[in-house]
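Heavy atoms only: backbone and side chains are in, while hydrogens, waters and symmetry mates are out. No experiment lies behind these values; they were computed from the predicted model shown.
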There are 2 protein chains.
Amino acid sequence: MAVSLAQIREKSGEVFTEGCPTRVVLDHIMSKWGVLVLLALTDGTHRWGELRREVEGISEKMLASTLRTLEADGLVERTSFPEVPPRVEYSLTDLGRDLMERMLPLVDWVAANAGRVIPVG
Amino acid sequence: MAVSLAQIREKSGEVFTEGCPTRVVLDHIMSKWGVLVLLALTDGTHRWGELRREVEGISEKMLASTLRTLEADGLVERTSFPEVPPRVEYSLTDLGRDLMERMLPLVDWVAANAGRVIPVG
DNA sequence: CAGCATCCGTAAGGATACTG
DNA sequence: CAGTATCCTTACGGATGCTG
């Protein structure tokens, strides 16, 4: 392992401290639905309804809440068009894309190794 | 972005499907306490009491539960020594170290950018 | 279509006390 | 020291109905 915990601490300082920004953001992006929504947006812009269908199992409430959180975090951008019927599109911001560049290898690894970790029944 | 969602789907196929192994493991390792415990173990072996103190805010119940889950996932190894008073040590398995190699860049990024994402109050 | 408001059940998780 | 057992509260999150 190239990076030691001490090195992480140098930069973050407070990953292990309660209520620190790092923990808060970590909780957002690593939440059950946060990852999936971010993943869905990784290949580009999506409409509300698309996300709802794409992220299987998510309720409207959680989709709305997740999107609002990620938007407030500056990771997701919301664009609404003044049309009837209304059209709203969501996409990653630069910050969000930056984040996903780090998250994709992880998700990739999990997807590849999930079978070894949790024996497929 | 080098990797597209389509490419992820090729490999994982079912990240977006409910109850798929990938989602389960993702939920374990990306859970509030899962990440922190894994991070704490990244720099080597730790005893129960060390982890308890290191991961600030975690309750005994959650530490036990988190460790048991990660152990069952084959990511963490538990070694108990037949001494009085008892001594138990936890460390990452090879699989766990492999995982953390992918997770560290992400945590690193979050630690570095949390201030931009969540304005520090 | 894209949401918000409301109600409500479940279960994650905290605090405490106890044990090998 | 390293947990387990128990109780109890909060809040996550689902279902439904309504609105611009």
Side-chain angles (χ1 to χ4, degrees), chain A residues 16-20 23-41 44-73 76-92, chain B residues 16-20 23-38 40-41 44-73 76-91:
Chain A
F16 293 96
T17 311
E18 284 193 82
C20 72
R23 268 209 195 179
V24 176
V25 178
L26 226 41
D27 281 354
H28 291 174
I29 65 169
M30 301 190 109
S31 71
K32 178 182 173 65
W33 300 119
V35 242
L36 295 175
V37 168
L38 286 169
L39 266 179
L41 290 174
T45 298
H46 285 271
R47 299 184 58 172
W48 165 274
E50 290 173 345
L51 290 173
R52 176 121 178 62
R53 264 171 281 116
E54 188 138 32
V55 182
E56 192 175 311
I58 197 170
S59 66
E60 292 186 352
K61 182 181 178 179
M62 288 319 293
L63 180 56
S65 146
T66 302
L67 283 171
R68 267 187 277 112
T69 301
L70 295 177
E71 194 193 352
D73 288 352
V76 165
E77 187 179 19
R78 193 193 110 113
T79 315
S80 92
F81 299 87
E83 308 172 355
V84 178
R87 182 167 115 252
V88 179
E89 292 186 347
Y90 294 89
S91 58
L92 292 182
Chain B
F16 292 96
T17 311
E18 286 192 81
C20 70
R23 268 210 195 179
V24 176
V25 179
L26 226 40
D27 281 353
H28 291 176
I29 66 168
M30 301 190 109
S31 71
K32 178 181 173 64
W33 300 119
V35 242
L36 295 175
V37 168
L38 286 170
L41 290 175
T45 297
H46 285 272
R47 300 182 58 169
W48 164 275
E50 290 173 347
L51 290 173
R52 176 120 178 63
R53 266 172 279 116
E54 188 138 30
V55 182
E56 192 175 311
I58 197 171
S59 65
E60 293 187 351
K61 182 181 179 180
M62 287 318 294
L63 180 55
S65 147
T66 302
L67 282 172
R68 266 187 276 111
T69 301
L70 296 177
E71 194 192 353
D73 288 351
V76 165
E77 187 179 20
R78 193 194 110 113
T79 315
S80 93
F81 300 85
E83 308 171 356
V84 178
R87 182 166 116 252
V88 179
E89 291 187 347
Y90 294 90
S91 58

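- Closest to the side chain of B:W33, from the set C:dA2, C:dG14, D:dC1, is C:dG14.
- Within the 4.5 Å cutoff, no side-chain heavy atoms of B:W48 are placed close to those of B:R78.
- Between the CZ atom of A:F81 and the C1' atom of C:dA2 there is a distance of 14 Å, rounded to whole Å.
- Residue B:R68 contributes atom CZ, which lies 13 Å from atom P of C:dG13 at whole-angstrom precision.
- One atom, CD1 of A:I58, and another, P of D:dG14, lie 8 Å apart when rounded to the nearest Å.
- DNA chain C lies under 4.0 Å from at least one heavy atom of each of the following residues of residues 83-90 of chain A: A:P85, A:P86, A:V88, A:Y90.
- The separation between A:K61 atom NZ and C:dG3 atom P is 16 Å, rounded to whole Å.
- When the P atom of D:dC12 is taken as reference, atom NZ of B:K32 falls 10 Å away, rounded to whole Å.
- Within the 4.5 Å cutoff, no side-chain heavy atoms of A:L41 are placed close to those of A:L70.
- Going from atom CD of B:E54 over to atom P of D:dA2 covers 14 Å, rounded to whole Å.
- Summarising the geometry, the separation between NE2 on A:H28 and C1' on D:dC12 is reported as 13 Å, rounded to the nearest angstrom.
- A donor-acceptor contact shorter than 3.5 Å is absent between the side chain of A:T66 and the backbone of A:L63.
- Put simply, the side chain of A:T17 never gets that close to the backbone of A:C20: no donor and acceptor are under 3.5 Å apart.
- Within the structure, every side-chain polar atom (N or O) of B:R52 is placed at least 4.0 Å from both OP1 and OP2 of D:dA2.
- Regarding contacts with the backbone of C:dC1, every side-chain N or O of A:R47 stays at 4.0 angstrom or more from both OP1 and OP2.
- In DNA chain D, runs of at least 3 stacked Watson-Crick or G-U pairs (N1-N3 plus N6-O4 or O6-N4, or N1-O2 plus O6-N3, all under 3.5 Å) give these stems: C:1-8 with D:13-20, C:10-20 with D:1-11.
- Side chain of B:H46 to backbone of B:A40: a donor-acceptor contact under 3.5 angstrom is found.
- A:T45 is not listed as a side-chain neighbour of A:T79, based on a closest heavy-atom distance of 4.5 Å or more.
- For A:R78, counting side-chain heavy atoms from C-beta on, the closest listed nucleotide (C:dG14, D:dA2, C:dG3) is C:dG3.
- Note that CZ of B:R68 is 12.5 Å distant from CG of B:D73, once rounded to the nearest 0.5 Å.
- Taking the side chain as every heavy atom from C-beta outward, B:T69 and B:V76 never approach each other to under 4.5 Å.
- For the atom pair CG (B:L51) and CD (B:E89), the distance works out to 10.5 Å, reported to the nearest 0.5 Å.
- If you take CZ of B:R53 and P of D:dC1, they are 8 Å apart, rounded to a whole angstrom.
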